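Notes to accompany the following structure.
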Amino acid sequence: MNMYVSNLSFHTGDDELRKLFEQFGIVSSAKVITDRDTGRSRGFGFVEMKSDDEANKAIKGLNNMEVEGRAMSVSIAREKAPRSDNKRW
DNA sequence: TCTGAGCGG
């Protein structure tokens with residue numbers, strides 16, 4: 001289950017994100033998307049969990065959860081864009 | 001350092 005996490009604090013990192021979701025189950029990958037040009041956080045990220053059941057629990061438990069002063073929102077991620085395409089959606 | 005809707009490379 002791939003999840004999209006938005007409204008993150010700009011100083012929330014991958015590890016913080018991972019810890020939050022690990023409270024609900026096994027996290028296979030967690031990353032905050034950083035701006036490729038500046039290297040700073042873009043304020044959103046992606047978390048992938050093996051178990052769909054645990055992922056749904058994590059969404060329930062973490063959606064609108066206040067962290068670092070911001071209420072982050074968690075939802076099911078869309079399909080990834082093709083890497084070779086430079087489409088901006 | 002800076003910002004506040006967004007779906008990554």
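Since we're looking at a predicted model, the values are computed, not measured. Throughout, a chain's letter reflects where its sequence line sits, starting with A, and its residues are numbered from 1.
- At a cut-off of 3.5 Å, with distance as the only test, no side-chain donor of A:T34 or A:S41 sits close to an acceptor on the other residue.
- In this structure, of B:dC7, B:dC2, B:dG4, it is B:dC2 that holds the atom nearest to the side chain of A:R40.
- Residue-level contact check: A:N2 touches the bases, meaning some heavy atom is under 4.0 Å from a base atom.
- The side chain of A:R78 has B:dC7 as its nearest neighbour among B:dC7, B:dG4, B:dT1.
- Among B:dC7, B:dG6, B:dT1, the nucleotide with an atom closest to any side-chain atom of A:S75 is B:dC7.
- The distance from atom CZ of A:R70 to atom P of B:dG6 is 17 Å, rounded to the nearest whole Å.
- One interatomic measurement links the two molecules: CG of A:N7 to P of B:dA5, which rounds to 8 Å at whole-angstrom precision.
- When each of B:dC2, B:dG6, B:dG4 is scored by its nearest atom to the side-chain atoms of A:F10, the top-ranked nucleotide is B:dG4.
- Positionally, the nearest nucleotide of DNA chain B for A:L8 lies more toward the 5' end than for the other of A:I33 and A:L8.
- A salt bridge links A:D15 with A:K19; the closest basic N to acidic carboxylate O contact falls under 4.0 Å.
- Positionally, the nearest nucleotide of DNA chain B for A:T38 lies more toward the 5' end than for the other of A:T38 and A:Y4.
- Atoms CZ (A:R42) and C1' (B:dC7) sit 9 Å apart, rounded to a whole Å.
- The CD1-C1' distance, from A:I76 to B:dG6, rounds to 17 Å in whole Å.
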